[in-house]
Amino acid sequence: MGSIPPILLLSDFGRQVCLEDRYTPAEIETKWRERWAESGLYRTPGAGGAPKYYCLEMFPYPSGNLHMGHVRNYTIGDALARFKRMQGYDVLHPMGWDSFGLPAENAGLAKGLHPARWTRENIAAMRRQLDRLGFSYDWEREVTTCLPDYYRFTQWLFLLFYRRGLAYRKKAPVNWCPKCSTVLANEQVVEGKCWRCDSDVTPRELEQWFLRITAYAQNLLDDLELLAGWPERVRTMQENWIGRSAGARIEFPLEDAGAGSWPESGSGSGERIAVYTTRADTLFGVTYLVLAPEHPLARRLADGNPELAAFLTRATAESERERTSAESEKEGVFTGAHCLHPFTGERLPVWVGNYVLYAYGTGAVMGVPAHDQRDYLFAVKYGLPVKTVVVEEGMPAGAAYEGPGVLVQSGEFTGLPSERAKTRIASALEAAGLGRTEVRYRLRDWLISRQRYWGAPIPMVYCPRCGIVPVPEADLPVRLPEAVEFKVGANPLAGVREFVETACPACGGPARRETDTCDTFICSSWYYLRYASPRADELPFRRADVDRWLPVDQYVGGVEHAVLHLLYSRFFTKVLRDAGMLGFAEPFQNLLTQGMVIKDGRKMSKSKGNVVSPDEIVARYGADTARLFILFAAPPEKDLEWSDHGVEGAARFLQRVWRLYAQGGGTGGGAAGEETPELRRLLHRTVKKVGEDLERFSFNTAISACMELVNALYAHRGEAGRTVPHATLATLAKILAPFVPFLAEEAWGSLRHAGSVHLEPWPIYDPEALVEAQVELALQVGGRVRDRITVPAAATAPEIEALTLNSARVRQYLDGKEIVRVVVVPGRLVNVVVR
RNA sequence: GCGGGCGUGGCGGAACUGGCAGACGCGUGGGAUUUAGGAUCCCAUGGGAGACCGUGAGAGUUCGAUUCUCUCCGCCCGCACCA
């Protein structure tokens with residue numbers, strides 16, 4: 001491992017010698033917090049020879065109150081950062097604020113506080129809370145997304161996307177949250193409800209800004225393979241969300257109406273209805289077509305068809321949730337129109353159905369009731385014919401058969417197996433100009449306009465002459481005006497004349513500014529890059545800096561961002577890579593998703609009255625106890641049940657550690673301790689285990705190993721005349737340092753060391769010290785332990801076997817039995833197999 | 001419905017590649033110290049009087065299964081009218 005960062009000269013470190021007998025975390029934690037801040041202990045190292053390690057935790061929204069979930073998230077990250085620092089890495093461990101967003105604005109409305117002030121004060125309060133917990137952040141790299149220095153580049157990046165054809169404006173049906181008075185991206189609608197406020201989302205047709213994330217669908221999907229360091233669960237969620245499907249687009253010519261059932265099309269219009277299907281092999285089983293209620297043709301056909309018009313109105317008014325629930329009753333109306341089968345020319349009725357989604361595929365499907373359960377239900381309900389075209393032995397009757405099989409009644413394709421039929425039919429369609437294979441994704445473009453004030457203004461201008469014009473880079477930032485009037489349900493920006501009225505950057509004529517702001521997920525899609533060059537003012541970040549620090553080696557955060565922040569950030573990274581600003585494809589090498597902190601089996605929440613406040617815990621027990629408990633109580637990815645008794649236990653352990661140092665390692669005082677072979681072995685074993693456990697985030701077992709060591713040290717010094725050696729105490733302080741930085745520092749100082757324990761190299765264990773001369777073996781007969789013997793570690797299998805068969809207790813159980821064989825597992829056990 | 005994960009003492013959890021189940025902590029019981037309480041220290045603590053029985057239930061593979069395979073039950077998470 002590379003060298004340790006240049007040691008800061010901290011003349012004041014470690015001068016006190018006698019610790020008081022009582023552990024007073026409030027005092028020592030205050031003291032070290034101040035000294036660490038003064039000495040710049042956690043400043044990011046400059047360019048050095050050591051390998052880098054970028055440890056990042058998801059930055060918080062400054063709600064004003066740190067909760068236990070944050071404490072857990074940041075304690076995990078901090079323990080890792082400290083461990084890596086001691087291992088000799090150049091560590092980047094920054095923190096910042098995801099500080100644009102609705103709560104600030106709502107607080108403004110409720111309390112009459114300006115969002116800027118509310119946010120600023122919350123940041124100050126949370127900063128104090130973070131400091132009290134002893135997290136080793138480099139605050140010189142603090143990033144605050146709501147400051148012009150930052151959002152200027154958020155806007156800059158928006159323009160970059162725009163230039164690359166990845167930001168565009170279009171009118172589309174969108175998700176509207178009435179409570180938040182704004183639209184939402186698909187990712188932000190969970191089961192038909194707003195992810196933030198849980199209100200039912202309603203559909204609206206609006207013109208909005210989108211980022212073309214779908215252009216990266218395949219890339220985002222493919223590169224999941226690079227993310228071996230991510231939990232499989234998160235990868236699967238992204239995979240599902242992207243939702244790739246390979247199928248075919250098939251076009252059905254509309255029949256000439258002749259009789260004029262739909263006047264517009266006239267005769268010989270050549271119009272076609274395109275459908276998307278993954279089952280082109282069932283093409284000959286089509287007995288009707290179904291359009292989504294939003295389909296333009298459906299709307300046209302509704303002209304002069306009151307029944308259809310009424311159905312469309314009803315169906316489109318249904319909420320997303322009603323529309324997409326699998327249990328919803330399938331309903332439809334015949335439009336009166338027909339189309340023709342591309343191969344047989346058969347007349348097929350065109351229906352409109354509520355179960356067809358406009359936003360997926362082409363917004364129209366072919367009805368194959370024999371081979372699709374939904375179509376089957378629909379056909380049975382409305383008396384449409386069912387035509388079987390795929391057969392398989394044992395396929396059920398009286399229901400749709402959705403599996404593969406062999407084609408029947410399918411013209412020239414009859415006799416082909418499903419899979420081959422799919423490709424053959426697609427090629428035939430393509431030859432006839434009536435279709436082709438096509439890959440579709442469930443992922444939709446990211447809707448990023450928000451009709452709210454507290455966000456980065458979208459840097460665009462509407463000019464009556466020139467149309468949509470981007471704000472020139474030189475004019476950034478487009479500043480958010482401070483003096484605005486807040487009204488419920490309205491975007492305050494629209495009411496600020498000095499903001500809205502502007503000159504067109506292209507022609508100089510009067511123009512109007514975009515008043516929508518960016519989704520705050522844009523701000524958080526690139527903040528991890530900004531930490532590399534936090535004060536760069538010419539660009540969002542410098543290439544050399546991101547080359548040095550990125551990608552993030554370890555990202556820690558909640559799983560709730562699996563298809564939000566984590567997907568958006570991957571998208572941003574890929575776009576910036578394609579723009580030549582970055583040299584890597586994935587921003588987060590390794591991801592650790594920590595579990596929730598729960599109490600009484602439920603998520604902590606104000607409404608349930610089961611919230612434990614970090615401030616109270618820190619005030620009562622100190623930060624070290626809080627950190628230790630959180631790391632010890634459960635493995636990081638699992639939910640953690642808060643336990644007051646457990647916290648007491650953590651505090652008790654730290655008391656024990658404290659006394660060890662306060663009493664100089666012995667009760668008699670003074671005498672230099674001696675290291676017994678047993679103690680030496682245990683110490684080295686502990687160093688090994690704690691290091692290995694930290695590498696795999698097994699904080700709970702690492703801490704339990706430290707506890708075992710401390711218990712052994714108590715036993716050691718309990719024996720007459722024995723004292724714990726100085727070197728042992730020094731090593732203990734080092735291995736405790738990632739978990740309990742304050743106590744470790746104080747302990748280190750008590751040993752008359754100069755400098756901070758947090759700059760010490762991580763101890764190295766001596767493999768030879770682990771070797772035991774004697775090992776205890778369990779002696780089994782028929783798999784049951786009957787005796788134990790201690791043998792030299794080097795004993796050979798035949799020797800061990802002989803000793804085993806010599807054991808009186810073993811022989812007792814062998815009486816009258818035949819020995820089939822003897823299994824010797826070196827160092828562990830012997831099993832005598834009998835019959 | 002589909003996919004994934006998890007079921008271990010009174011509780012949180014250990015057991016990493018199949019090898020002594022229950023590390024560590026909490027709780028509980030006992031003891032020491034103390035006028036007393038608290039704090040501290042020490043001992044015990046899966047069940048059973050015992051032979052033995054025990055990792056959700058049942059089967060299988062193996063000398064040996066918490067660990068691997070199959071079936072079932074329960075809980076959690078994700079996806080779900082995506083054509």
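Both backbone and side-chain heavy atoms feed into the values below; hydrogens, waters and symmetry mates do not. This is a predicted model, so every value here is computed, not measured. Here is the naming used below: chain letters follow the sequence lines, and residue numbers restart at 1 for every chain.
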Distance from [X] atom [atom1] to [Y] atom [atom2], nearest 0.5 Å?
{"X": "A/Tyr360", "Y": "A/Leu443", "atom1": "OH", "atom2": "CG", "answer": "11.5 Å"}
{"X": "A/Trp642", "Y": "A/Met68", "atom1": "CH2", "atom2": "CE", "answer": "3.5 Å"}
{"X": "A/Leu567", "Y": "A/Arg570", "atom1": "CG", "atom2": "CZ", "answer": "6.5 Å"}
{"X": "A/Leu829", "Y": "A/Leu777", "atom1": "CG", "atom2": "CG", "answer": "7.5 Å"}
{"X": "A/Glu294", "Y": "A/Tyr358", "atom1": "CD", "atom2": "OH", "answer": "8.0 Å"}
{"X": "A/Leu779", "Y": "A/Ser807", "atom1": "CG", "atom2": "OG", "answer": "5.5 Å"}

Once you round it to whole Å, what is the distance between [atom2] of [N] and [atom1] of [X]?
{"X": "A/Glu648", "N": "B/A39", "atom1": "CD", "atom2": "C1'", "result": "12 Å"}
{"X": "A/Glu637", "N": "B/G13", "atom1": "CD", "atom2": "P", "result": "11 Å"}
{"X": "A/Leu640", "N": "B/G12", "atom1": "CG", "atom2": "P", "result": "12 Å"}
{"X": "A/Lys689", "N": "B/C16", "atom1": "NZ", "atom2": "C1'", "result": "8 Å"}
{"X": "A/Phe697", "N": "B/A14", "atom1": "CZ", "atom2": "P", "result": "16 Å"}
{"X": "A/Leu654", "N": "B/C26", "atom1": "CG", "atom2": "P", "result": "12 Å"}
{"X": "A/Met707", "N": "B/A14", "atom1": "CE", "atom2": "P", "result": "14 Å"}
{"X": "A/Leu829", "N": "B/A65", "atom1": "CG", "atom2": "C1'", "result": "13 Å"}

Classify [X] by what it touches in the nucleic acid, base, sugar-phosphate, or nothing, heavy-atom distance under 4.0 Å.
{"X": "A/Thr236", "result": "nothing"}
{"X": "A/Gly649", "result": "sugar-phosphate"}
{"X": "A/Glu641", "result": "nothing"}
{"X": "A/Asp693", "result": "nothing"}
{"X": "A/Ser245", "result": "sugar-phosphate"}

Give me the distance, rounded to whole Å, that separates [N] from [M] when you measure between the [atom1] atoms they each carry.
{"N": "B/U67", "M": "B/A32", "atom1": "P", "answer": "45 Å"}
{"N": "B/U17", "M": "B/U66", "atom1": "P", "answer": "15 Å"}
{"N": "B/A65", "M": "B/A51", "atom1": "C1'", "answer": "24 Å"}
{"N": "B/A15", "M": "B/G27", "atom1": "P", "answer": "23 Å"}
{"N": "B/C26", "M": "B/U45", "atom1": "C1'", "answer": "13 Å"}
{"N": "B/A21", "M": "B/G64", "atom1": "C1'", "answer": "14 Å"}
{"N": "B/G22", "M": "B/G38", "atom1": "C1'", "answer": "32 Å"}
{"N": "B/C2", "M": "B/U71", "atom1": "P", "answer": "13 Å"}

Please classify the glycosidic conformation of B/G9 as syn (within 90° of 0) or anti (everything else). syn

Give a yes or no on whether a donor-acceptor pair under 3.5 Å exists between the nucleobase atoms of B/C63, that is its base, and the side chain of A/Asn831. yes

Between A/Asp375 and A/Val825, the residue closer to the 5' end of RNA chain B by nearest nucleotide is A/Val825

Between A/Ala715 and A/Ser643, which residue's closest nucleotide on RNA chain B lies nearer the 5′ terminus? A/Ser643

When you compare the protein's N or O atoms with those of nucleotides 43-51 of chain B, which come within less than 3.5 Å of each other, and at what distance?
none

Looking only at heavy atoms, what is the nearest atom pair of A/Val352 and A/Pro293, with distance? CG1-CA, 3.8 Å

Consecutive-pair stems (at least three Watson-Crick or G-U pairs, under 3.5 Å) that include RNA chain B: B:1-7 with B:73-79, B:10-12 with B:24-26, B:27-32 with B:40-45, B:56-60 with B:68-72

Answer yes or no: is there an ion pair linking A/Glu419 with A/Lys422, defined by an N-O contact shorter than 4.0 Å? yes

Tell me if a side-chain donor or acceptor on [X] pairs with a main-chain N or O of [Y] at a distance below 3.5 Å.
{"X": "A/Tyr382", "Y": "A/Gly332", "value": "yes"}
{"X": "A/Asp639", "Y": "A/Met596", "value": "yes"}
{"X": "A/Ser418", "Y": "A/Gly405", "value": "yes"}

Shortest side-chain distance from [X], nucleotide among [options]:
{"X": "A/Val785", "options": "B/C20, B/C42, B/A23", "answer": "B/C20"}
{"X": "A/Arg652", "options": "B/C26, B/C16, B/C20", "answer": "B/C26"}
{"X": "A/Arg784", "options": "B/C20, B/A83, B/C52", "answer": "B/C52"}
{"X": "A/Lys330", "options": "B/U40, B/A14, B/C81", "answer": "B/C81"}
{"X": "A/Val833", "options": "B/G19, B/A23, B/C63", "answer": "B/C63"}
{"X": "A/Leu357", "options": "B/C16, B/A83, B/C63", "answer": "B/A83"}
{"X": "A/Arg656", "options": "B/A15, B/C41, B/C20", "answer": "B/C41"}
{"X": "A/Tyr355", "options": "B/C16, B/C63, B/C81", "answer": "B/C81"}
{"X": "A/His645", "options": "B/C20, B/C52, B/G27", "answer": "B/G27"}
{"X": "A/Asn700", "options": "B/A14, B/C63, B/A23", "answer": "B/A14"}

Does any donor atom in the side chain of A/Thr625 or A/Tyr23 lie under 3.5 Å from an acceptor atom in the other side chain? no

Ring centers of A/His561, A/Tyr568 separated by less than 6.0 Å: no

Quick one: are the ring centres of A/Tyr288 and A/Phe378 less than 6.0 Å apart? yes

What pairs of nitrogen or oxygen atoms, one from the protein and one from nucleotides 4-11 of chain B, lie under 3.5 Å apart?
none

When you measure from the centre of the six-membered ring of A/Tyr714, is the NZ or CZ of A/Arg717 closer than 6.0 Å and no more than 45° off the axis? yes

Can you see if the side chain of A/Asn711 gets near the phosphate of B/G25 - specifically, an N or O under 4.0 Å from OP1 or OP2? yes

